[in-house]
K.L.:
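Structure incoming, see below.
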Amino acid sequence: MQVSNQTRVLQLQCGDLYVEIAPEIGAAITAFYRVDEAGKRFDYLRPTTAQAIAAGTISEMASFLMAPWAGRIRNGRFEYQGREIHYPSQDPTQPHSMHGFTRDKAWLLGEYQLNHDASGDDDATLRNDTRHSQGAEPENNIMHSQDAELKYKVMHNQNASLENNAARNDTKNESRCAYARLYFTHQASKEWPFSFTLEQTIRLSPQELRIDLRVCNTGSESMPFGFGHHPFYPCDADTLVQAQVGQAWQGDHEVMPIALIDHPAQPKLAEGLRVQAEEHDTVFVAWQHEARISWLAQGESLVLQASAPQDFFVLYAPANQPWFCAEPFANVTDSFNLRARYTSDVIGGLDIAAGQSHSTWFSLRPEPYTGP
């Protein structure tokens, strides 16, 4: 992904929690961390380097949204309501189209909201950024960074949502949070002939980071839709992940699903699996919408929660890496091609009618590690 050498990184703060966001790099999160009273920092997500931000390398961000599908589509092809859809892979080394395309585009930053002091002292400067999401020029009075390290703070905005949608007019919650709204618009194209809009609200409270997602079908016909979040967590030999899951999809040599199986990691996940003890690129079904990551040596843990239809849990733990991924997905790999053979409870994915919308959320809540 090509980005400007003036790529902005927004810093939201609430109490001792911080989250940093790069709107131009797929609205990716570049860091999520706590700074204690002694000034010690603990990163709950793998922090992004300045070099990766400057280069716009999405795979090196701390977390990003995948849409309008998560995972892979076999050879970038599937049939939908009698029409063949072909979205070619953007990776010349990979025949299967991967993780959608909204991560590869700049998003429009709407309101930047609050830099909130949990004690109640707010620094309340108002701003909306109404620039177009593609190729926009920076405003003169917004700070930028030539080396992608300079950050500017997100300030409080008492205004309602740009869309003035009462369903999202949660002023009471936002008065206690730092938050930012980001927007993405896709017009039907040859490769993806479905028009839609996305809105992400990234909200930081004293307790947690929460991402609300709303998708709206702005076209004239039903559209297929899938999504997921791709957070990366730091890990060492004593990092555990816990989750209640069902069966897993067995993959072939290209990690494409071929059968549902009982997986040996199921009981390990229930008790707490050491993520560096074994390799994984595994999609589990029947996830109970909660997982816990624990860093035993550091005395920290993180509770991941997600709403339906994020019913699938992906564990990606490559060998010899100081990071891993525990991801909430709303569809399994190649779900669009599996519809003819499997029911939606084991493959996921949505059909959104023309003019209709769907809302969901994902959260990360830090807690002290208190033992098993």
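Sequence positions, counted from 1, serve as the residue numbers for this chain.
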K.L.:
Is it true that Asp334 and Arg72 have a side-chain N and a carboxylate O under 4.0 angstrom from each other?
P.N.:
no

K.L.:
With sequence neighbours left out, what residues match Tyr233 under ring-ring contact (aromatic ring centres under 6.0 Å, His included)?
P.N.:
Phe324

K.L.:
Tell me if a side-chain donor or acceptor on Thr30 pairs with a main-chain N or O of Ala22 at a distance below 3.5 Å.
P.N.:
no

K.L.:
Using the side chain to side chain contact (heavy atoms under 4.5 Å, CB included) rule, take Val215 and Ile352 through it: C-alpha gap first, then chi angles, then the decisive distance, then the call.
P.N.:
CA-CA 9 Å; Val215 53; Ile352 303 177; 3.7 Å; yes

K.L.:
Has the side chain of Thr49 got a donor or acceptor atom that lies under 3.5 Å from a matching backbone atom of Ala52?
P.N.:
yes

K.L.:
Go through Trp107 and Leu198 one step at a time and tell me if the side chain to side chain contact (heavy atoms under 4.5 Å, CB included) criterion holds.
P.N.:
CA-CA 9 Å; Trp107 285 54; Leu198 296 175; 3.7 Å; yes

K.L.:
If you compare all heavy atoms of His358 against all heavy atoms of Ala308, which two are closest, and at what distance to 0.1 Å?
P.N.:
NE2-O, 4.4 Å

K.L.:
Checking Pro47 now: which residues fulfil side-chain contact (heavy atoms from CB on, under 4.5 Å) with it, not counting sequence neighbours?
P.N.:
Arg41, Asp43

K.L.:
Going by distance alone, is a donor N or O of one side chain under 3.5 Å from an acceptor N or O of the other, for Ser97 and Gln90?
P.N.:
no

K.L.:
So, the side chain of His96 versus the backbone of Asn75: is there a donor-acceptor pair under 3.5 Å, distance only?
P.N.:
yes

K.L.:
So, the side chain of Gln51 versus the backbone of Ile53: is there a donor-acceptor pair under 3.5 Å, distance only?
P.N.:
no

K.L.:
How about Ser222 and Tyr80: does a side-chain donor come under 3.5 Å of a side-chain acceptor?
P.N.:
yes

K.L.:
Check step by step if side chain to side chain contact (heavy atoms under 4.5 Å, CB included) holds for Arg292 and Leu302.
P.N.:
CA-CA 6 Å; Arg292 179 181 292 270; Leu302 188 68; over 6 Å; no

K.L.:
Give a yes or no on whether the backbone of Ser335 and the side-chain of Asn331 come within a donor-acceptor separation of less than 3.5 Å.
P.N.:
no

K.L.:
What heavy-atom pair brings Ala178 and Cys14 nearest, and what distance separates the two atoms?
P.N.:
N-CB, 4.5 Å

K.L.:
For a ring pair (Phe, Tyr, Trp, His ring centres under 6.0 Å) check, start with the C-alpha distance between Trp249 and Tyr342, then their side-chain angles and the critical distance, and finish with the verdict.
P.N.:
CA-CA 12 Å; Trp249 279 99; Tyr342 295 94; 4.9 Å; yes

K.L.:
Any chance CD of Gln81 has more than 12 other-residue heavy atoms, nucleotides or ligands included, within less than 6.0 Å?
P.N.:
yes

K.L.:
Any chance the rings of Trp295 and Phe42 have centres within less than 6.0 Å?
P.N.:
yes

K.L.:
For His280 and His263, which heavy atoms make the closest approach, and how far apart are they?
P.N.:
CE1-CE1, 3.6 Å

K.L.:
Evaluate the side-chain proximity of Met223 to Asp351: yes if any heavy-atom separation is below 4.5 Å, no if none is.
P.N.:
no

K.L.:
Please answer: with hydrophobic residues joined when any side-chain heavy atoms are less than 4.5 Å apart, are Met66 and Trp361 in the same cluster?
P.N.:
no

K.L.:
Ignoring hydrogens, what is the shortest heavy-atom contact between Glu111 and Tyr183? Give both atom names and the distance.
P.N.:
OE1-OH, 3.6 Å

K.L.:
Heavy-atom distance under 4.5 Å between the side chains of Glu300 and Tyr369, does that happen here?
P.N.:
no

K.L.:
Mind checking what makes side-chain contact (heavy atoms from CB on, under 4.5 Å) contact with Ser195, not counting sequence neighbours?
P.N.:
Gln187, Ala188, Thr218

K.L.:
Roughly how far apart are Thr57 OG1 and Ile25 CD1, rounded to 0.5 Å?
P.N.:
8.0 Å

K.L.:
Using the side-chain contact (heavy atoms from CB on, under 4.5 Å) criterion, which residues pair with Gln276? Sequence neighbours excluded.
P.N.:
Cys235, Ala237

K.L.:
Looking at the rings of Tyr44 and Tyr33, which for Trp means the six-membered one, are their centres under 6.0 Å apart?
P.N.:
no

K.L.:
Is the positively charged end of Arg46 above the ring of Phe232, judged by distance under 6.0 angstrom from the centroid and angle within 45° of the axis?
P.N.:
yes

K.L.:
Can a donor-acceptor pair be found between the side chains of Glu191 and Tyr87 at a distance below 3.5 Å?
P.N.:
no

K.L.:
Would you call Glu79 and Arg339 a salt bridge, taking side-chain N to carboxylate O under 4.0 Å as the test?
P.N.:
no

K.L.:
Going hydrophobic residue to hydrophobic residue with side-chain gaps under 4.5 angstrom, can you get from Val275 over to Leu240?
P.N.:
no

K.L.:
Return yes if a side-chain donor-acceptor contact under 3.5 Å exists between Gln356 and Asn217, otherwise no.
P.N.:
no

K.L.:
Would a hydrophobic clustering, with Ile, Leu, Val, Met, Phe, Trp and Tyr connected at side-chain separations under 4.5 Å, put Trp287 with Leu350?
P.N.:
yes

K.L.:
Any donor-acceptor pair under 3.5 Å linking the side chain of Ser205 with the backbone of Gln207?
P.N.:
yes

K.L.:
Less than 3.5 Å apart, any donor N or O on the side chain of Asp91 or Ser89 sitting next to an acceptor on the other?
P.N.:
no

K.L.:
What I'd like to find out is whether the side chain of Leu209 reaches to under 4.5 Å of the side chain of Ile202, using heavy atoms alone.
P.N.:
yes

K.L.:
Spell out, yes or no, whether Leu260 and Phe312 are grouped together once hydrophobic residues are joined by side-chain heavy atoms under 4.5 Å, including indirect joins.
P.N.:
yes

K.L.:
One pair to check against side chain to side chain contact (heavy atoms under 4.5 Å, CB included): Asp262 and Gln266. What are the steps and the verdict?
P.N.:
CA-CA 8 Å; Asp262 293 322; Gln266 286 174 261; 3.9 Å; yes

K.L.:
Measuring from Phe313:CZ to Gln244:CD, what's the distance to the nearest 0.5 Å?
P.N.:
11.0 Å

K.L.:
Following the transitive rule for hydrophobic clusters with a side-chain heavy-atom cut-off under 4.5 Å over Ile, Leu, Val, Met, Phe, Trp and Tyr, establish whether Leu213 and Phe362 coincide in one cluster.
P.N.:
yes

K.L.:
Below 4.0 angstrom, N of the basic side chain to O of the carboxylate: do Glu199 and Arg214 qualify?
P.N.:
no

K.L.:
When the ring centroid of Phe78 is compared with that of His86, is the distance short of 6.0 Å?
P.N.:
no

K.L.:
Quick check: do Ile58 and Asp104 have side-chain heavy atoms less than 4.5 Å from each other?
P.N.:
yes

K.L.:
So does Arg365 pair up with Glu367, basic N to acidic O under 4.0 Å?
P.N.:
yes

K.L.:
Show the nearest heavy-atom pair for residues Leu204 and Leu12, with the distance to one decimal.
P.N.:
CD2-O, 3.6 Å

K.L.:
Could you work out, with side-chain contact (heavy atoms from CB on, under 4.5 Å) as the rule, every residue matching Ala340, not counting sequence neighbours?
P.N.:
none

K.L.:
For Ala326 and Leu304, work out which heavy atoms get closest and say how close.
P.N.:
O-CD1, 3.4 Å

K.L.:
What I want to find out is whether Glu208 reaches Arg203 closely enough, with some N-O distance under 4.0 Å, to be called a salt bridge.
P.N.:
no

K.L.:
Only counting residues at least two apart or in another chain, list the ones meeting side-chain hydrogen bond (donor to acceptor under 3.5 Å, both in side chains) with Thr370.
P.N.:
none

K.L.:
Between OG of Ser363 and NE2 of His289, what distance do you get to the nearest 0.5 Å?
P.N.:
12.0 Å

K.L.:
Charged N to carboxylate O below 4.0 Å: is that the case for Asp212 and Arg210?
P.N.:
yes

K.L.:
Checking the side chain of Glu271 only, and the main-chain atoms of Lys268 only, is there a donor and an acceptor separated by less than 3.5 Å?
P.N.:
no

K.L.:
Taking Trp69 as the fixed residue, which of Phe194, Phe329, Trp192, Phe225 is the one that meets the ring pair (Phe, Tyr, Trp, His ring centres under 6.0 Å) rule?
P.N.:
Trp192

K.L.:
Val314 and side-chain contact (heavy atoms from CB on, under 4.5 Å): which partner among Thr282, Val332, Thr333, Val283?
P.N.:
Val283

K.L.:
Mind checking whether Ile211 and Ile29 have side chains closer than 4.5 Å, heavy atoms only?
P.N.:
yes

